[in-house]
Amino acid sequence: MELTSYYNITLVFISILIAVIASYASLNIVSRLRRSSGMVRYIWLTAGAFSLGFGIWSMHFIAMLAHHLSIPVMYDTFLVVLSIVLAVVACAIAFAIVSVGLNRGLFIFIGAAFISAGIALMHYVGMAAMVMDAAIIYDPLLFVLSIIIAFVASLAALYLFFYFEKNANQKYTHLKKIASSLVMGAAISGMHFTGMAAATYESMGIEHNHAHAHSSAAINTTVMGFTIGIGMFLLLTIILVSTFLDRRFQQKTDQLQFLDNMYQSIIMTANDAIVLADSEGTIIAWNNAAEAIFYYKENEILGQSLDVIIPVSYRKAHSKGLKDYVATGKEQIIGKSVELEALRKNGEVFAIELTLSTLTNDENTYFSGIIRDISERKKNEKKITELVYRDPLTNLPNRRFLNNYLSLSIEQAAINHQSLAVLFIDLDRFKYINDTLGHSVGDQLLVEVSKRMSKYIEKKDMLARQGGDEYILIFPQMNHQHAAKISQQILDELLMPFHFEDNELFISASIGISMYPEDGSEADLLVKNADTAMYRAKENGKNNFQFFTADMNELMAKKMRLEIGLRKAVINNELELYYQPQIQVNTGHIMGVEALIRWNHPKMGIVSPAEFIPLAEETGLIIQIGTWVIETACRQAKEWEKQGYAPVRMSINISARQFQQTSFVDTVMEIIENTKIDPQYLELELTETIVQDPVYAIPVLNQLKEMGIKLSLDDFGTGYSSLSYLKSFPLDTLKIDRSFISTVNESGKDAAIVKTIINMANSLDLNVIAEGVETNEQLLSLKQDGCDEYQGYLFSKPVKAIAVQELLQKCMQEKSLGPIVEV
């Protein structure tokens with residue numbers, strides 16, 4: 001006979017609620033289980049298994065209590081316990097599989113199968129535990145449907161849970177987790193009530209009922225209710241504990257997530273490249289700055305070897321260092337900032353600053369590199385170095401670099417007991433090229449000179465530009481013989497012509513040499529002594545080299561004293577003019593005088609012009625002195641005229657440096673106006689150096705000529721291009737150099753040269769004055785050749801103005817003062 005039954009709706013609702021609560025708690029525990037390891041993982045696994053297992057069991061038996069049959073029901077203790085164990089074990093296996101498989105579908109499928117199996121086993125074992133006077137008969141279709149409902153609902157619940165957890169940053173996360181729990185609760189409840197619907201109960205008789213009623217192994221409903229209460233208490237305890245731990249864990253997770261997000265944000269937005277690699281050198285992290293520096297996108301570089309950003313020349317050393325650190329844990333650059341080179345995607349090698357650190361996790365070693373592109377800084381440093389240590393024109397080391405290098409070379413030579421040579425090189429006549437052709441050509445010449453001299457230096461040597469047209473060569477490990485050989489080679493090299501556009505330039509050089517240790521043990525002293533030797537080379541005719549000797553210091557000291565004295569001489573009126581008469585050959589009359597400067601030093605007495613005029617040229621004092629000479633000589637000429645003497649021509653020597661002043665013409669004009677001298681009685685004597693630049697000289701000479709001033713070319717015949725001046729320049733007078741006159745009666749060649757000069761001058765209607773006439777024989781020869789005037793000791797040495805005045809007085813009284821020779 002089939003028994004009737006009904007449900008207590010309240011208990012049914014409670015059972016379903018327990019299933020949902022247990023599902024929510026257990027699913028949360030699963031999420032923690034996936035993020036745990038070690039002992040913590042097993043604790044969460046046990047808690048999850050008991051939470052869902054006891055939840056399923058409690059839901060089942062509360063629902064069983066809600067189901068009322070018309071006969072008494074008791075429960076078999078063993079089977080009740082077995083149902084609990086089966087539920088817990090099945091859930092534990094399911095959770096372990098799901099947590100290991102993360103979000104992969106197969107593992108979720110297997111996990112759902114075990115959970116549904118646990119639900120079904122617990123249900124049907126629990127049903128078998130019923131002790132009653134009735135037999136349970138199941139509808140096969142509903143029986144299978146109950147299991148299918150359990151599986152499908154479990155699968156859906158797990159899928160939704162992991163889907164929502166994967167997208168945890170979306171809104172309403174907790175509501176979506178609750179939805180997953182409701183689906184899981186539906187799996188438990190749906191399976192149960194479908195299974196209950198599949199069961200029918202048929203009575204088995206009074207004897208059977210009596211036997212079961214007295215079974216000692218059975219549990220009545222009161223005890224079952226108490227057992228369920230304990231189970232509920234355990235379930236609620238697990239839920240409360242897991243909820244508390246979940247909240248704490250969630251807070252910690254949120255904090256870690258926030259810190260991780262912040263860390264990721266800092267890394268990705270950092271100005272420096274941050275690269276993470278494993279122990280094999282494989283790149284596993286790459287930030288935005290790394291993309292900007294190396295030109296590789298993140299998807300291009302991840303998984304690649306670090307070799308792709310390391311220059312080929314460094315790869316072997318890098319690989320060895322990586323292996324050594326993994327093997328020993330020691331690496332010199334870990335934790336330090338070092339400057340290296342890196343390789344961009346386009347093949348460009350550039351400078352970087354690398355700070356390397358390591359991280360060990362689960363016995364794996366990772367390398368973190370903070371990389372800064374310092375290529376721009378290196379360029380700037382190079383520019384600064386070039387500004388500080390390089391000559392901007394020639395790119396040679398400058399004086400500062402030279403001094404440092406020379407000091408180090410001296411120290412090394414002292415240690416190794418070796419010699420060292422310092423060559424001080426100065427170009428001859430460079431100022432003339434600079435002034436006549438312009439600084440642009442001068443700069444090109446300096447660069448080319450640098451290139452030519454660079455041929456003779458090796459890596460251990462140094463060529464530096466001291467400044468202007470001065471160079472210094474340092475030769476470590478060099479003796480006197482080798483220094484002399486190199487010096488001569490450089491001199492020969494510089495004699496070769498230089499070509500710049502349409503200009504062919506010829507220069508020479510003077511070289512001074514000092515040797516370590518005999519000429520000094522300090523850089524400054526060696527340079528100074530080489531400089532001194534260079535000046536001796538210039539005094540010896542230029543285009544030669546001289547080794548420093550001890551007596552040169554005394555000469556330089558004298559020169560320095562002379563320079564100081566000369567500066568004072570201008571202020572203290574120690575300079576004075578002497579005058580040498582210029583006599584007409586045929587009449588013996590005084591036609592003019594040449595103004596010659598003398599320096600009456602308070603201690604040294606009369607200083608020869610040959611000593612101080614070159615010094616005045618070198619220091620620039622010649623401009624001030626030259627102006628003084630012109631003004632003083634003009635005033636004196638005017639003074640003689642005021643005293644009633646016939647006007648005489650005043651000849652004044654003009655230096656090249658003085659002539660090249662842009663204000664020279666204005667200065668002469670102002671002196672003429674101030675002294676009131678008639679310009680026709682002023683004659684300016686020009687040297688060959690002045691007229692070697694026709695482009696500049698001719699316009700200036702024309703201006704002077706237009707003022708009525710006479711122009712004379714001094715020392716004619718001594719230059720290799722003097723003949724061209726006769727037709728190019730507005731000259732009035734030629735002066736034959738004394739070197740020809742002194743041997744005119746002894747050398748047939750000199751006599752021929754003098755005669756030729758006189759004939760050319762006469763044909764060009766130029767006045768001819770012979771210098772240095774000391775004998776009647778010389779004068780006779782000049783008269784025979786048709787020379788116009790002469791000056792020299794034969795008539796008078798240079799004398800003061802008062803002596804000239806006396807000669808002029810005699811000239812007024814007599815027709816002739818000079819010797820008259822008969823032809």
Going through the distances and angles, do L704 and L711 end up as a side-chain contact (heavy atoms from CB on, under 4.5 Å)?
-> CA-CA 8 Å; L704 296 172; L711 299 176; 4.3 Å; yes

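- For the pair N398/R390, no side-chain contact is recorded, criterion being any heavy-atom separation below 4.5 Å from C-beta on.
- Note that the CD atom of Q412 and the CD atom of Q477 stand 8.5 Å from one another [nearest 0.5 Å].
- Within 6.0 Å of CE on M560 lie no more than 12 heavy atoms contributed by other residues, nucleotides or ligands.
- Without hydrogens or angle criteria, Q778 side chain to E774 main chain gives a donor-acceptor distance under 3.5 Å.
- The distance from the CZ atom of R536 to the CG atom of D551 is 5.5 Å, given to the nearest 0.5 Å.
- Between the side chain of N702 and the main chain of I698, a donor-acceptor pair closer than 3.5 Å is present.
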For the pair Q580 and Y578, evaluate side chain to side chain donor-acceptor pair (under 3.5 Å) and give the outcome as yes or no after the intermediate values.
-> CA-CA 7 Å; Q580 187 171 39; Y578 279 56; over 6 Å; no

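- At a cut-off of 3.5 Å, with distance as the only test, no side-chain donor of Q546 or Y535 sits close to an acceptor on the other residue.
- Side-chain contact between Y790 and V768: absent, with no pair of heavy atoms (C-beta onward) separated by less than 4.5 Å.
- When all heavy atoms of R465 and L396 are compared, the closest pair comes out as N-CB, 4.1 Å.
- A side-chain N or O of T355 and one of S337 form a donor-acceptor pair less than 3.5 Å apart.
- Here E618 contributes atom CD and R657 contributes atom CZ; the two are 9.0 Å apart, rounded to the nearest 0.5 Å.
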Going through the distances and angles, do V527 and I472 end up as a side-chain contact (heavy atoms from CB on, under 4.5 Å)?
-> CA-CA 8 Å; V527 171; I472 292 181; 3.7 Å; yes

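- Using cut-offs of 30° and 60° for the angle between ring planes, the F664 and F659 rings count as tilted.
- At most 12 non-hydrogen atoms from other residues, nucleotides or ligands lie less than 6.0 angstrom from NZ of K797.
- Note that CD of E518 and CG of N529 are 11.0 Å apart. Values are rounded to the nearest 0.5 Å.
- Side-chain contact between D524 and K528 is absent, with no heavy-atom pair separated by less than 4.5 Å.
- Among I457, L420, V422, the one residue that satisfies the side-chain contact (heavy atoms from CB on, under 4.5 Å) test with F475 is I457.
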Would you check, one step at a time, whether the test side chain to side chain donor-acceptor pair (under 3.5 Å) holds for K455 with Q489?
-> CA-CA 10 Å; K455 300 177 184 177; Q489 288 175 336; over 6 Å; no

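- Side chain of S712 to backbone of E685: no donor-acceptor contact under 3.5 angstrom is found.
- Under the 4.5 Å side-chain criterion, counting only non-hydrogen atoms from C-beta, L393 is in contact with V447.
- Y696 places a side-chain N or O within 3.5 Å of a backbone atom of Q660 that can act as its donor or acceptor partner.
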Step by step, would you call E594 with N653 a side chain to side chain donor-acceptor pair (under 3.5 Å)?
-> CA-CA 8 Å; E594 180 181 3; N653 291 283; 2.8 Å; yes

Would you sort out whether L423 and I474 count as a side-chain contact (heavy atoms from CB on, under 4.5 Å), showing the intermediate values?
-> CA-CA 7 Å; L423 276 62; I474 299 173; over 6 Å; no

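- No side-chain heavy atom of L686 sits under 4.5 Å from any side-chain heavy atom of D714.
- Heavy atoms only, all atoms of each residue included: P694 and P699 are closest at O-CD, 3.9 Å.
- Not a single donor-acceptor pair under 3.5 Å links the side chain of T743 to the backbone N or O of E746.
- The environment of K431 atom NZ is dense: over 12 non-hydrogen atoms of other residues, nucleotides or ligands sit within 6.0 angstrom.
- One distance of note links OG of S508 with CG of L494; it measures 8.5 Å at 0.5 Å rounding.
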From CA spacing to verdict: side chain to side chain donor-acceptor pair (under 3.5 Å), T394, D391 | CA-CA 6 Å; T394 62; D391 170 53; 2.5 Å; yes

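- Among V773, I753, V744, I757, the one residue that satisfies the side-chain contact (heavy atoms from CB on, under 4.5 Å) test with I736 is I757.
- Taking 4.5 Å as the limit, every side-chain heavy atom of L343 sits out of range of all side-chain heavy atoms of I310.
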Could you check R344 against D373 for salt bridge (Lys or Arg N to Asp or Glu O under 4.0 Å), going step by step and ending with a plain yes or no?
-> CA-CA 11 Å; R344 288 195 171 103; D373 182 356; 2.8 Å; yes

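- Between N479 and H482, the closest heavy-atom pair is OD1-N, 2.8 Å.
- When ring centroids are compared, H480 and F547 come within the 6.0 Å threshold.
- The number of heavy-atom neighbours closer than 6.0 Å to CZ of R372, taken from other residues, nucleotides and ligands shown, is 12 or below.
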Report the C-alpha distance between L473 and F424 in whole Å, list the side-chain angles of each, state the deciding distance to 0.1 Å, and finish with yes or no for side-chain contact (heavy atoms from CB on, under 4.5 Å).
-> CA-CA 7 Å; L473 276 162; F424 197 114; over 6 Å; no

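- The shortest non-hydrogen separation linking F350 to I293 is CZ-CG2, 3.4 Å.
- A salt bridge is defined here as a Lys NZ or Arg NE, NH1 or NH2 lying under 4.0 Å from an Asp or Glu carboxylate O, and E771 with K735 meets this definition.
- Of the possible polar contacts, one joining the S454 side chain to the S450 backbone as a donor-acceptor pair under 3.5 Å is found.
- Using a distance-only test at 3.5 Å, with no hydrogens or angles considered, no donor-acceptor pair links the side chain of R315 to the main chain of V308.
- Between I511 and I513, the closest heavy-atom pair is CG2-CG1, 4.1 Å.
- When side chains are defined from C-beta on, S487 does not count as touching K485, because their heavy atoms never get closer than 4.5 Å.
- Formation of a donor-acceptor pair under 3.5 Å by the D469 side chain with backbone atoms of F430 is not found in this model.
- Rounded to the nearest 0.5 Å, atoms OG (S514) and CE (M534) are 12.0 Å apart.
- Judged by the 6.0 Å distance and 45° axis criteria, R400 is not positioned over the aromatic ring of Y405.
- Judged purely by distance below 3.5 Å, without hydrogens or angles, the side chains of D428 and S510 pair a donor atom with an acceptor atom.
- When atom types are taken as modelled, the side chain of D519 and the backbone of T549 share no donor-acceptor pair closer than 3.5 angstrom.
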Evaluate salt bridge (Lys or Arg N to Asp or Glu O under 4.0 Å) for R567 paired with E563, printing each intermediate quantity in order.
-> CA-CA 6 Å; R567 294 183 183 277; E563 180 182 342; 3.2 Å; yes

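- Nearest approach of K538 to L427, heavy atoms of both residues: NZ-O, 3.6 Å.
- When the shell of 6.0 Å around CD of E522 is examined, it contains 12 or fewer heavy atoms from other residues, nucleotides or ligands.
- A donor-acceptor pair under 3.5 Å links the side-chain atoms of N346 to the main chain of E348, judged by distance alone.
- With respect to E339 and R377, a salt bridge is recorded, a charged nitrogen being found less than 4.0 Å from a carboxylate O.
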